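Accompanying notes for the structure given below.
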Amino acid sequence: MNPRRRLLLLLAAVAFTCAAARPCAALVRLGAATFLDAPARFGPRVTSDGICGSLRAADPADACAPVRAAPGSGGMAFVLIARGNCSFEGKVRAAQLAGFDAALVHDDEDKASLYSMVGDPEGIHIPAVFVSKMAGQTLKKFARGEDGECCINSSMDETAGTVLVMSFVSLVVIISVVASFLFARNCRLLRHGVDNHPPCIKKHVVEKIPSLVYKAPCSSGNNCEEACAICLEDYDNGDMLRLLPCKHEFHVECIDPWLTKWGTFCPVCKLEVTTGE
Ligand SMILES: *[C@@H]1O[C@H](CO)[C@@H](O)[C@H](O)[C@H]1NC(C)=O
Ligand SMILES: [Zn+2]
Ligand SMILES: [Zn+2]
C-alpha cells in the first residue's frame, strides 16, 4: 500500500470515528459535579438554555411500577431512575405520570459508553437523558431535592453542530485528498500517453500552414519535387500543395490527414512542423 493511500484510509478512519463516537451528548450538573449524558431519542429535547430542577431518586428505583409523585413545590422536579427490569419508555412514562419534568436514567453496569435510549415518542412530553452508573450513584448520593440543584444542559445542539461541522470538514479533506490523488494519477497517465503517442496537430492549425497551387515547372524554389512523397503521384497543374516549414511540399489531401492523425513532423525529413501554438 502506498503512503498516500494509507494516509487516505487514516483520514477516513479518523473522520468516521469523530462522527460516530460522539453521539449527541450533553451535560448534567449537580453542584460542582458534571456528567456527560446521552439524550433519549424519543420525547422532547432539553431547551437551548438547559433546565434546572430538584432531583430525587425514583421510588421504586427502576420506575417499572407507578412512581411516587413529584413534590408540587412549583419548581421543576427531576427524577433519577435505575436502568433495567422494564423499557426506557416505560420508565419515562412512569416519571411523567408521577408529575416529574425530566427523567434521568442511570446505567446499572459500568460501561464506557452511554446508551441512546429509544422508544415510542407518542404522548411523551418530558425530556429524558441517560447517564453512567457512576454518575447515577453520585447524583443519588448528593441530590437533596432542592429547587434548581440539578441542571440538564442542552449542549447537544452545539455538539450535534460540532459533529456535523467536523464530519463536513473531514469529508472535504477526504474528498480533496482523493481528488488530488486521482488527479495526480490521471496527470501521470496523461503524460505517459503523451510520451507514447505524440498529439497530432489540430485541423484548423494545419489549415494555416501555407499552401500553393502547383504550376509546372515546380514553383517552390530549391527543394523542388515533381511528385508527392506520400502518394508518389506526380503533381498536376492546379493541384493544391501544402508547403511545410522545411520547404517540403505534399498534396493537401495527403499531408493534412498525416498531420492531423499520425505525426507532427514532415514525412520526408522528420522535421517537426512547429505550428507556433
Ligand atoms: C429489578 O427487579 C428486581 C426484582 O423485582 C429488584 O430486586 C431489582 O432491584 C430491580 N432492579 C432495579 C434496578 O430496581
Ligand atoms: Zn499526394
Ligand atoms: Zn521536410
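Read the numbers this way: they start at 1 and go in the same order the structure lists the ligands and their atoms. For reference, positions follow the sequence shown, starting with 1. Only a predicted model underlies this, so the values are computations on that prediction, with no experimental measurement involved. Atoms considered below: every heavy atom in the structure, side chains included; atoms not considered: hydrogens, waters and symmetry mates.
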Completion exercise
One should read off an interatomic distance between M134 CE and F35 CZ, to the nearest 0.5 angstrom, of 6.0 Å
Exercise for the section: For A82, counting its heavy atoms only, list the atoms of ligand 1 lying under 4.0 Å from any of them. Expected result: 13 (C)
Exercise for the section: Below 4.0 angstrom from a heavy atom of R83, which ligand 1 atoms are there? Numbered from 1 as shown, please. Expected result: 13 (C)
Problem - Test item: K133 side-chain N/O and H106 main-chain N/O as donor-acceptor pair under 3.5 Å - result: no
Practice task
Apply the test side-chain contact (heavy atoms from CB on, under 4.5 Å) to residues L244 and R242: give CA-CA distance (whole Å), side-chain angles for both, the deciding distance (0.1 Å), then the verdict.
Solution key: CA-CA 6 Å; L244 300 189; R242 185 81 71 203; 4.2 Å; yes
Problem - Name, closest N/O/S atom of H251 to the Zn ion (ligand 2) - result: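 It is ND1 of H251.
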Practice task
Please note down the angle at the Zn ion (ligand 2) between SG of C228 and SG of C254, to the nearest 10°.
Solution key: 120°
Exercise for the section: Take the SG atom of C52, take the SG atom of C151, and say whether they are under 2.5 Å apart. Expected result: yes
Exercise for the section: For atom 5 (O) of ligand 1, state whether the nearest protein heavy atom is under 4.0 Å away. Expected result: no
Handout entry: Closer than 4.0 Å: a protein non-hydrogen atom to atom 9 (O) of ligand 1
Key =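 No, because not a single protein heavy atom sits under 4.0 Å from atom 9 (O) of ligand 1.
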Problem - Protein heavy-atom partner closest to atom 2 (O) of ligand 1 - residue, atom, separation in Å - result: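 I find the closest protein heavy atom is N85 ND2, 2.2 Å.
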Practice task
Can you pull out the closest protein heavy atom to atom 14 (O) of ligand 1? Residue, atom name and distance to 0.1 Å, please.
Solution key: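 Nearest protein contact, heavy atoms only, for atom 14 (O) of ligand 1 is D62 CB, 3.2 Å.
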Problem - disulfide bond (SG atoms under 2.5 Å apart) between C228 and C254, worked out - result: CA-CA 8 Å; C228 167; C254 297; 3.9 Å; no
Exercise for the section: Measure the acute angle between the ring planes of Y214 and Y235, then classify it against the limits of 30° and 60° as parallel, tilted or perpendicular. Expected result: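 Y214 vs Y235 ring planes: tilted.
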Completion exercise
To the Zn ion (ligand 3), the closest N, O or S atom belonging to H248 is ND1
Handout entry: Cluster link L259 to L271, ILVMFWY, side chain under 4.5 Å
Key =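 Result: no, two separate clusters.
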Practice task
Please work out the angle at the Zn ion (ligand 3) defined by atom SG of C269 on one side and atom SG of C266 on the other, rounded to 10°.
Solution key: 110°
